[in-house]
Amino acid sequence: MHPTLIGKLYYSHLNGSFMKLLLIHADYMEYEVKKKTKLAEPFDGKGERVEEVLVAFTSVEKGDNEDVVKRAAEAIRDVAKKVNAERVMIYPYAHLSSNLADAETAVNLLKRLEAELSDFEVHRSPFGWYKAFKISCKGHPLSELSREIGGEAEAEVTQALRDEEERVVSYWYILTPEKQLVEVEKFDFTGYENLRKFVNYEIAKRRAVDVVPPHVEYMKRLEIADYESASDSGHIRYYPKGRLIKTLLEQYITRKCIEYGAMEVETPIMYDRNHPTLRRYLERFPARQYIIKGDKREFFLRFAACFGQFLMLSNSTITYRNLPLKIYELTRYSFRKEQRGELVGLRRLRAFTMPDMHTVAKDMEQAMQEFFNQYRLSVEVLNEIGIEAKDYEVAIRITKDFYEENKDFVHSLVDVLKKPILIEMWDHRFFYFVLKFEFNFVDALDKASALSTVQIDVENAERYGITYVDADGKERYPYILHCSVSGAVERVMYALLEKAKFMMDEGKLPMLPVWLSPTQVRVIPVSEKFVDAAVKVAEEIERGGVRVDIDDRNETLGKRIRDAQTEWIPYIAVLGEKELESGKLTVTIRSESTQKEQKRVEVTAKELVERIKKECEGKPFMPLPLPKFLSTRPSFR
RNA sequence: GCCGCCGUGGCUCAGCUGGCAGAGCGGGUGACUUGUAAUCACCAGGUCGCGGGUUCAAAUCCCGCCGGCGGCUCCA
């Protein structure tokens with residue numbers, strides 16, 4: 001942290017105020033007033049007995065307010081409904097807290113609580129008296145519960161931000177390939193069906209489907225990944241095939257970023273919740289974090305690499321000669337506690353892997369130049385992975401001011417893909433960025449998900465104290481670009497699987513790109529007699545740098561062919577008497593076959609290897625992550 | 001998070017007006033030795049998601065929880 005800048009940051013602690021409740025569902029509750037204390041509120045009764053009642057022993061703490069009371073009432077109402085209690089008794093009980101509010105406040109808030117619960121028959125025992133009581137707890141599972149009702153500053157900040165976000169007005173346009181900005185209602189979507197779906201999803205948010213997403217079925221059936229119910233929702237297990245696919249994608253994406261000029265780093269996955277800089281960044285976003293309790297401090301799990309990388313940059317000495325400066329990290333994992341109802345398969349997870357590159361740019365001109373380069377890099381990366389421009393739609397989110405000042409630049413983006421772009425324009429800036437693009441994949445159920453994205457951040461350099469020394473010797477705040485060149489790796493896998501579903505709908509056979517296929521060649525000996533020969537051929541293919549396995553199981557040829565096909569294996573090589581004589585293999589090529597007709601060729605092992613090597617050129621390679629012989633291979637489901 | 005639907009061998013599902021837990025696939029064993037989408041026979045395998053309740057009796061009815069799917073909301 002730069003000493004000159006630290007003074008600008010202020011430190012605000014949570015004060016830890018909570019209203020404490022102990023809830024007892026009782027057959028009856030009976031109390032008798034004995035003696036006044038100094039704090040007693042006026043009361044002239046002797047006590048009372050209430051049958052079938054939910055008793056709320058309550059402590060009011062310092063800092064509690066009417067907002068807390070409302071939430072406390074909500075919590076009591078919630079429990080009362082669950083246990084089917086029609087009567088509630090509020091019983092002031094100081095012993096639940098060591099941080100009590102003053103008596104006057106406490107009485108006021110207890111009265112408010114009573115009023116908030118007027119939909120029940122409410123009894124309130126008097127505050128500040130010594131009382132004797134008898135209670136008969138019902139003893140069922142929900143009959144004894146405690147609640148802490150938080151009145152954290154954070155909740156209020158978040159609410160205020162939510163309100164502000166609601167006030168941001170969005171205007172929607174389509175930027176045509178001819179660089180016309182057309183209001184979205186006036187755009188003719190004929191010939192742009194996918195864009196229509198995306199726009200509909202973004203603006204109308206109307207969807208009506210009632211099937212399991214195709215990729216969820218595929219990820220299970222192909223033993224790529226599956227839910228892990230012993231973990232939190234949205235945390236997934238990857239079987240060997242899934243892990244291989246993910247490894248290859250991760251390696252490829254990382255290499256592309258490094259080749260682009262980024263320096264790979266690694267930063268921690270958890271950070272102090274009360275760290276002054278981070279805390280203010282967190283507060284800007286309503287989504288919940290995972291919280292981990294340390295020895296003394298509380299930590300949140302990162303939702304991206306921003307924290308670690310920005311802290312690193314703020315401690316670095318950077319000059320104008322170093323710019324643009326790029327650092328990169330593959331976050332395994334980033335954590336976002338997304339709403340439960342939103343979690344589906346590989347599409348949205350609570351723990352995911354994301355390439356996260358940050359670029360420090362000298363000025364807006366350099367930032368825009370980088371933005372443009374990274375836009376093209378993203379197109380290239382997705383394309384080489386197997387997700388083509390026709391598979392996604394471009395969205396640009398931009399503030400009105402920034403658009404007005406940089407019209408030509410924004411319009412130039414349309415030249416890259418030469419297809420219409422959805423533009424969301426905000427009347428003022430709410431987020432930390434002035435410009436952002438996303439590539440949105442539209443799936444088999446017409447749902448859209450963002451893959452690649454780049455943003456120009458105009459706020460965090462100052463917040464984190466990231467500066468560079470300019471040619472005149474003065475410290476300046478740079479602009480920072482956030483780039484996820486492919487989006488989450490899991491989401492890339494989701495897109496590839498959904499794309500396979502599209503292939504099937506078109507009458508083709510679904511498959512993954514050959515470089516990502518766990519088994520690239522399966523050798524099937526016609527009968528046991530040919531297993532040795534099959535092993536020899538497989539060894540030759542393997543030496544060529546291809547993932548190959550051998551189906552040596554005691555099954556009919558037909559059965560084994562069929563199994564290879566249901567595994568989406570790109571090349572199925574059969575070996576029998578005929579092949580031994582000719583020295584060639586009979587190979588079924590999946591990509592050239594259709595559901596009606598198989599494409600079969602006769603090639604030597606060498607020719608097959610050459611073909612595969614050519615298809616996978618420039619892509620990472622990992623050996624087969626499973627036993628080579630099918631007969632020795634376990635099934636993971 | 002809210003609303004709705006679902007949860008039965010490893011997988012896909014039947015059984016659900018309460019009355020002995022089933023099938024196919026997969027797995028094991030054996031026979032067969034295979035030429036491009038499922039060879040035959042036998043065997044093993046289940047706290048019916050978990051916890052309560054109603055009942056002589058619960059996979060089946062009721063309540064709560066957990067998990068999944070869909071919708072809403074959200075998505076730095």
Side-chain angles (χ1 to χ4, degrees), chain A residues 79 81-84 139-142 161-162 165-166 202 205-213 216-217 220-221 223 226-234 281-289 302-307 334 336-345 347-350 352 354 356 397 430-433 436 438 440 445 447-450 453 455 457 459-460 482 484 487-488 491 509 522 524-531 551 553-566 572-579 586-588 593 595-600 634-637:
Chain A
V79 173
K81 280 190 179 144
K82 271 185 195 155
V83 300
N84 227 343
H140 62 74
L142 294 177
L161 286 161
R162 267 202 196 110
E165 187 174 8
E166 275 164 21
E202 276 293 311
K205 308 259 181 191
R206 206 190 57 77
R207 286 147 283 170
V209 278
D210 195 18
V211 281
V212 178
V216 174
E217 200 199 314
K220 292 182 179 186
R221 219 190 59 216
E223 295 193 8
D226 207 338
Y227 296 114
E228 175 52 79
S229 56
S231 182
D232 190 16
S233 305
Y281 188 34
L282 274 186
E283 280 171 0
R284 267 185 88 64
F285 304 106
R288 276 185 239 101
Q289 316 300 324
R302 67 176 176 193
F303 53 75
C306 306
F307 305 101
S334 286
R336 298 184 189 179
K337 217 159 92 187
E338 304 286 9
Q339 300 188 83
R340 274 205 68 234
E342 277 303 314
L343 305 167
V344 211
R347 187 167 104 97
R348 173 157 298 168
L349 295 162
R350 282 181 169 176
F352 58 96
M354 183 178 71
D356 203 359
R397 326 261 174 186
F430 168 71
F431 295 109
Y432 56 73
F433 54 85
K436 169 190 187 182
E438 294 151 21
N440 290 274
L445 270 32
K447 296 194 180 196
S449 309
T453 180
Q455 299 143 19
D457 179 343
E459 196 173 285
N460 278 305
H482 301 238
S484 187
R491 194 169 270 186
L509 297 173
R522 171 154 304 163
I524 305 183
V526 167
S527 72
E528 257 174 53
K529 283 187 297 206
F530 302 101
V531 171
D551 194 345
R553 293 174 307 164
N554 185 13
E555 299 287 352
T556 59
L557 182 66
K559 170 84 182 284
R560 287 176 293 157
I561 299 270
R562 182 180 168 276
D563 286 349
Q565 286 169 345
T566 56
I572 303 171
V574 171
L575 184 109
E577 194 61 52
K578 196 178 79 185
E579 287 76 12
T586 306
V587 178
T588 305
S593 302
Q595 283 159 31
K596 288 197 179 113
E597 199 178 4
Q598 292 184 358
K599 166 80 174 186
R600 226 172 288 155
S635 157
F636 286 93
R637 354 170 34 206

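Proteins come first, then strands; the chains are lettered A, B, ... in the order of their sequence lines, and each starts at number 1.
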Quiz prompt | Closest-nucleotide 5' rank along RNA chain B - winner of A/R491 and A/V344 | solution = A/V344

Is there a Watson-Crick or G-U wobble partner for [N] with both distances under 3.5 Å, and if so, which one is it?
{"N": "B/rU34", "answer": "none"}
{"N": "B/rC16", "answer": "none"}
{"N": "B/rC61", "answer": "B/rG53"}
{"N": "B/rG70", "answer": "B/rC3"}
{"N": "B/rG46", "answer": "none"}
{"N": "B/rG26", "answer": "none"}
{"N": "B/rG9", "answer": "none"}

Taking the same atom, [atom1], in [N] and in [M], what whole-Å distance lies between them?
{"N": "B/rU8", "M": "B/rG45", "atom1": "C1'", "answer": "14 Å"}
{"N": "B/rG9", "M": "B/rG30", "atom1": "C1'", "answer": "23 Å"}
{"N": "B/rU17", "M": "B/rG10", "atom1": "C1'", "answer": "33 Å"}
{"N": "B/rC16", "M": "B/rA37", "atom1": "P", "answer": "39 Å"}

Practice problem: State which residues pass side-chain contact (heavy atoms from CB on, under 4.5 Å) with A/T556; sequence neighbours excluded, sorted by chain then number. | Solution: A/K559

Self-check item: Contacts of A/E579 that satisfy side-chain contact (heavy atoms from CB on, under 4.5 Å) - sequence neighbours left out
Solution: A/L575, A/T586

Practice problem: Go through the structure and list residues passing ring pair (Phe, Tyr, Trp, His ring centres under 6.0 Å) with A/F352, not counting sequence neighbours. | Solution: none

Practice problem: Report the residues that fulfil side-chain hydrogen bond (donor to acceptor under 3.5 Å, both in side chains) with A/Q455, sequence neighbours left out, ordered by chain and then residue number. | Solution: A/Y432

Quiz item: Which residues satisfy the side-chain hydrogen bond (donor to acceptor under 3.5 Å, both in side chains) test with A/R553, sequence neighbours excluded?
Solution: A/D551, A/D563

Quiz item: Does a side-chain N or O from A/S233 land closer than 4.0 Å to OP1 or OP2 of B/rG68, or not?
Solution: yes

Quiz prompt | Any A/K447 side-chain N or O less than 4.0 Å from OP1/OP2 of B/rG71 | solution = yes

Quiz item: Is the shortest side-chain N to carboxylate O distance from A/R397 to A/E202 below 4.0 Å?
Solution: yes

Quiz item: In B/S/- notation, 5' to 3', how is nucleotides 24-37 of chain B contacted by protein heavy atoms closer than 4.0 Å?
Solution: --S-----BBBBBB

Quiz prompt | Test applied, side chain to side chain donor-acceptor pair (under 3.5 Å); reference residue, A/Q598; option that passes from A/K596, A/R600, A/Q595 | solution = A/R600

